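Numbered from 1 within each chain, the chains take letters A, B, ... in sequence-line order. None of these values were measured; they are calculated from a predicted model.
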Amino acid sequence: MPGDDGYQHDLLVIGGGGAGLRAAIAAAEESNRLSIAVLSKVYPMRSHTVSAEGGTAAVMRENDSLDTHAKDTIFGSDFLADQDVVEVFVKEAPGEVIRLEHWGCPWSRDPDGRVSVRPFGGMTVNRTLYAADKTGFHMLHALFQTSLKYERITRYDEWFATSLLLEDGKVCGVTALNLHDGQMRPIVAKAVIMCTGGAGRIFPFTTNAAIKTGDGMALAYRAGVALKDMEFVQYHPTGLPGTGILITEAARGEGGHLKNKDGYRYLQDYGLGPPTDTPVHRKMELGPRDILSRCHIQEHQKGRTFDGPDGHYVHLDLRHLGEKLIDKNLPFVRELARNYVGIDPVHEPIPVRPVVHYMMGGISTDITGKTSLDGLYAAGEAACVSINGANRLGSNSLTELLVFGARAGRAAARHALERPTLRSNPLAQLASDERRRLDQRFLRADGREKIADIREEMQKAMESGCGIYRDRATMEGTCQTLRKLRERFAHISLADKDAIFNTELIAALELECTLDVAETVARSALAREESRGSHTRTDFPKRDDARFLKHSLAYRTPDGPRIEYLPATITRWPPEERKY
Amino acid sequence: MLTRKTSEPFWWLLFAAGGMVAALLVPVHLLVQGLAVPLGWTSISHARMLALAAQPLVKLYLFALIALPLYHWAHRFRFILEDLGLRGLRTPIALLSYGAAVLGTVATLWVLWRI
Amino acid sequence: MTVPRVERPGLYYPKLPATWWLRNANYFRFMLRELSSVFIALFLVVFLIQLHRLPQGPGAYAAYLETLRAPGWIIFHVLALAFALYHSVTWFNLTGVVQVVHLGERQVPPRLVVGASFALWAVVSVVLLWFLLRG
Amino acid sequence: MTEETMTLEVTRYRPGHDREPRTESFTVPYRKDWVVLDALNHIKDRIDGTLSYRWSCRMGVCGSCGMMVNGVPKLTCAAFLRDYRPGPIRVGPLANFPVIRDLVIALDDFMEKLRRVKPWIIRAVEKPVADGEYLQTPAQLDAYKQFSMCINCMLCYAACPVYGLEPAFVGPAAIALAYRYNLDSRDEGYRLREPVLSEAVGVWECTFVGECSVVCPKGVDPAAAIQRSKLAGATDWLLSMIMPWGGRR
Ligand SMILES: Cc1cc2nc3c(=O)[nH]c(=O)nc-3n(C[C@H](O)[C@H](O)[C@H](O)COP(=O)(O)OP(=O)(O)OC[C@H]3O[C@@H](n4cnc5c(N)ncnc54)[C@H](O)[C@@H]3O)c2cc1C
Ligand code: SF4
Ligand code: F3S
Ligand code: FES
């Protein structure tokens, strides 16, 4: 850790998840003259990438081609992905997963020693690499352990970034709170990369970890950068009722069946059939997530789902796969089902229901990870470089972390090399201003509002207005509630006034971020008067390419987000109807 | 003394060999010599014992049987004391334990030599 | 060598008491396992003395055997036997974990290795008994 | 209707105010599907916002939520209240670690040890990415897979009395990870890791208490990794004695 001479680096990565670590390593390999720092509110190996289960997509075999991967991705995105970006993505993906293999990631293997690939929802070919069903865990630890080898990468573990530092319209670092001593410090850098992950915690029921509160999105948004395509929130069709813990799509990729309360494979009623014994790409259980989640809700409306203390659910049946296959390829699924719902999938079907999983939207970037703000870059789930469009295909996002993490790392490194050294003195002033702001806001205030109350009401409002099915009236209600909650937030009171490891203060800062992000989601959703991908409106059930084949951009104003639009880039794949 | 890096494998190998000998052979010897003979369930005559122990191969066997488990003891005893918190006395404890085992080895050699 | 730790102000450094092994059954069993070596060593010393008496003639040898008949010695030997058996059982269980055995490319499951060591123990014990009690 | 409840006896430590940790009792609702972590979250949200602890994934994979539950190191997101009925449940910070505050322990010591054992693939010559992956058969993968499952949750360190007595001990998880790379067919770094493992406070420090493997929630079996490293080290040493011109690998 740096000494008294200040906290100054050439390049600062916010976030120690897959994207952040990949960016840091890419920068370290780009030039050995750079001083690089990774700042994270949790130890890097605790980042949410660790929970990803199913796998990561890349073209690895002769029966596959870059064009098919691109086409599947674009089709899955309901044509909102930027096609030039997708082409770069599929092209660089194989190199990235092989690089990770060279760094020690224990990919599952075929008998001949090559890495194995499995089928995944929405993909036409087996192209999802996996490490049993702990892919993200193994990727994150391989990246983290590899990053330890680079002495030029300094880490700030358990530091919370609270704001971006700007000087003459250029980003020159962040202010961050060190949890261990409670001090606010400026960390100066010529380039900053936001890799802070998603924001599933704006919803009550999510596969996402507690730390996924959209901090980086909020920080960039407050600094004037647009958040792109925020209305697109992915529901995963198979979460455990109650906890929201994910049962990976790989369970269906391996051949699991979804059944309603009559034991009937209901997906065949929604145009996904015919049902077969062995999984067929893009059919039945291997349909894309948005469609499967909607089928669940319709099935529920027909009264054909189970009812439990934690709401409606259906069955994910793995019994016919047999104990051996389950233990080899889905051991974690078995462990989770046993621990959290007391069910052994070898003998009983697993109760599952749709649950918020992934944010397609994020900080708007170009193909190199650069944002509209000089010196600011973004990658990973926090960013929206536009490969996911209106619906992400499972196993594309882990690949996205690698490809665009590396790209952002390289671009930011080059930027930092060109930029002159910064002076940190006036910035120290900014940091103490930020400290004062927090003190006044949270520690001295004598408000009455509780963090937990505001959080719960926000989550409830988001679920009712921005769930799987949306319509104008409820969304307007949600927007109003969010505005009100923002006012109430100004009167928040904290019991904890200590400096050291004040997790209540962190919770308040996170809540402030989620409120910002939630508002961009609700407003962008309200403005998009069509149904596309994960965004399904009962009042506008059709896709409307004439009006909405474009990305929404949410800019911050004092009265809430202002929505603008940017055309989607179409190159070789003209929009067609999305049918499976 | 040897450095830790080279001395530890040495003592550990002796410990492991001693543990194996103790596990395989000691229970039967204990049963026969410690209980069966004293309690009169069976007897082994002095002449037979002497004749047996005088054979070179049996001597070798007895040497391994007695000396190796002493190192097994020394190693474990040393760490029992350390695990009980006597970390400040690590060197004297090690000298004492292994020293005793070495003494025992010499004694065994001497006894077997005189048979 | 003990490396002193630099303690930072503000943190609370817990101290592990010397009685830690009374905290749970596993720790206690560990202590018993380690302690078994003491009984085994003591028995071997007794055995060594017996061998020492051997060349001194039948009289000295018989006198020595006579002392072993004392109840105190019997109790000691019963205890020592219990510890020795405990040692054998734990030892074979643990070596299965430590010693990796390969058959071709595949690793033999530790359970099999443990089973094999117990079988070996049984065979060695029977042979040894037969040899000692033969006549 | 009266709600069923359960009592949690939580260790508190406020740096700068407390000289020593103390215990505070909280009563929380009892739910069959709640884990200890849910109870702590209930306390933080509804009873006392000053309680500090770490958590994130609540699915047993991020490794943040390790604490002592009734004196045993546990992931609190995987420790169900129903298994501790009728209570009270004692919840404390992981043993053997310095405590920062309440249930939060300092683990910079482990992070440094982890770096020292070089947990990354070391090659004499790196293969270019364009040449594709290193081939590795499923059996070669199985050889180290178990030891790659470590989530760095620190339960093993909390269970190891040797670490409690000797904070410099490299310890179970770091050694298991070093061993994992030594076993990987793609790795050639054994010689570089060996000095760290055989140093004063490396593998030889472990007395095979074995509790590290008992508490490990991911079946890593660090105790086996350490003993096997000892065996490898000792074999190496023996070979170098017999053949001074070079041992194995
Ligand atoms: C249960 C689950 C399973 C999944 N499975 C798959 C799968 O099989 N395949 C697939 O492709 N995708 C999967 N995904 C999606 C994928 O895992 C995520 O999109 C991806 O891991 C996000 O990585 P990231 O690096 O962008 O962010 P994260 O891994 O979330 O990392 C964010 C980092 O930012 C830091 N941070 C955040 N805010 C701050 C702040 N204010 N100050 C300092 N640091 C901060 C955090 O500490 C953390 O280190 C899954 C997601 C979930 C929830
Ligand atoms: S070895 Fe097991 S107990 Fe130890 S840190 Fe790793 S996962 Fe946790
Ligand atoms: S508990 Fe400790 S002593 Fe060794 S076997 Fe495990 S590291
Ligand atoms: S919260 Fe992640 S392991 Fe318990």
Side-chain angles (χ1 to χ4, degrees), chain B residues 1-27 60 63-65 67-102 104-105 109, chain D residues 95-96 116-117 157 159-172 175 178 190-212 223-244 246-249:
Chain B
M1 211 171 120
L2 295 163
T3 66
R4 188 116 198 241
K5 183 175 163 180
T6 51
S7 67
E8 289 292 353
F10 173 73
W11 297 121
W12 186 81
L13 279 171
L14 284 175
F15 150 81
M20 190 50 108
V21 167
L24 273 178
L25 307 173
V26 164
L60 198 67
F63 177 69
L65 173 68
L68 284 176
L70 289 182
Y71 292 91
H72 174 252
W73 161 79
H75 195 76
R76 283 193 158 168
F77 189 64
R78 166 188 164 207
F79 280 115
I80 293 179
L81 294 185
E82 288 188 7
D83 284 350
L84 287 177
L86 299 177
R87 301 229 133 208
L89 304 173
R90 298 189 75 155
T91 315
I93 289 173
L95 284 176
L96 217 82
S97 318
Y98 294 130
V102 171
T105 313
L109 278 176
Chain D
N96 301 336
R116 280 213 337 256
V117 302
Y157 284 77
C160 176
V162 171
Y163 180 63
L165 294 161
E166 179 56 84
F169 174 35
V170 177
I175 297 178
Y190 177 79
R191 283 270 158 253
L192 292 172
R193 281 180 210 107
E194 208 263 339
V196 190
L197 295 191
S198 61
E199 72 183 348
V201 281
V203 292
W204 304 111
E205 198 71 9
C206 159
T207 54
F208 206 173
V209 176
E211 191 68 358
C212 52
I226 301 175
Q227 313 319 312
R228 288 180 201 167
S229 301
K230 285 184 194 168
L231 187 62
T235 318
D236 251 18
W237 173 85
L238 200 61
L239 286 176
S240 72
M241 288 289 115
I242 303 169
M243 315 179 290
R248 59 173 221 167
R249 290 213 220 186

Separation of [Y] [atom2] from [X] [atom1] (nearest 0.5 Å):
{"X": "D/Glu199", "Y": "B/Glu8", "atom1": "CD", "atom2": "CD", "result": "12.5 Å"}
{"X": "B/Phe10", "Y": "D/Leu238", "atom1": "CZ", "atom2": "CG", "result": "10.5 Å"}
{"X": "B/Phe79", "Y": "D/Trp204", "atom1": "CZ", "atom2": "CH2", "result": "9.5 Å"}

### Task
Over all heavy atoms of both residues, which pair between B/Pro9 and D/Ala234 is shortest? Give the atoms and the distance, please.
CB-CA, 3.9 Å
#### Entry: Trace of the side chain to side chain contact (heavy atoms under 4.5 Å, CB included) decision for B/Leu13 with D/Trp237
CA-CA 10 Å; B/Leu13 279 171; D/Trp237 173 85; 3.8 Å; yes
### Query
Run the side chain to side chain contact (heavy atoms under 4.5 Å, CB included) check on B/Arg90 and D/Glu166 step by step: do they pass?
CA-CA 12 Å; B/Arg90 298 189 75 155; D/Glu166 179 56 84; 3.7 Å; yes
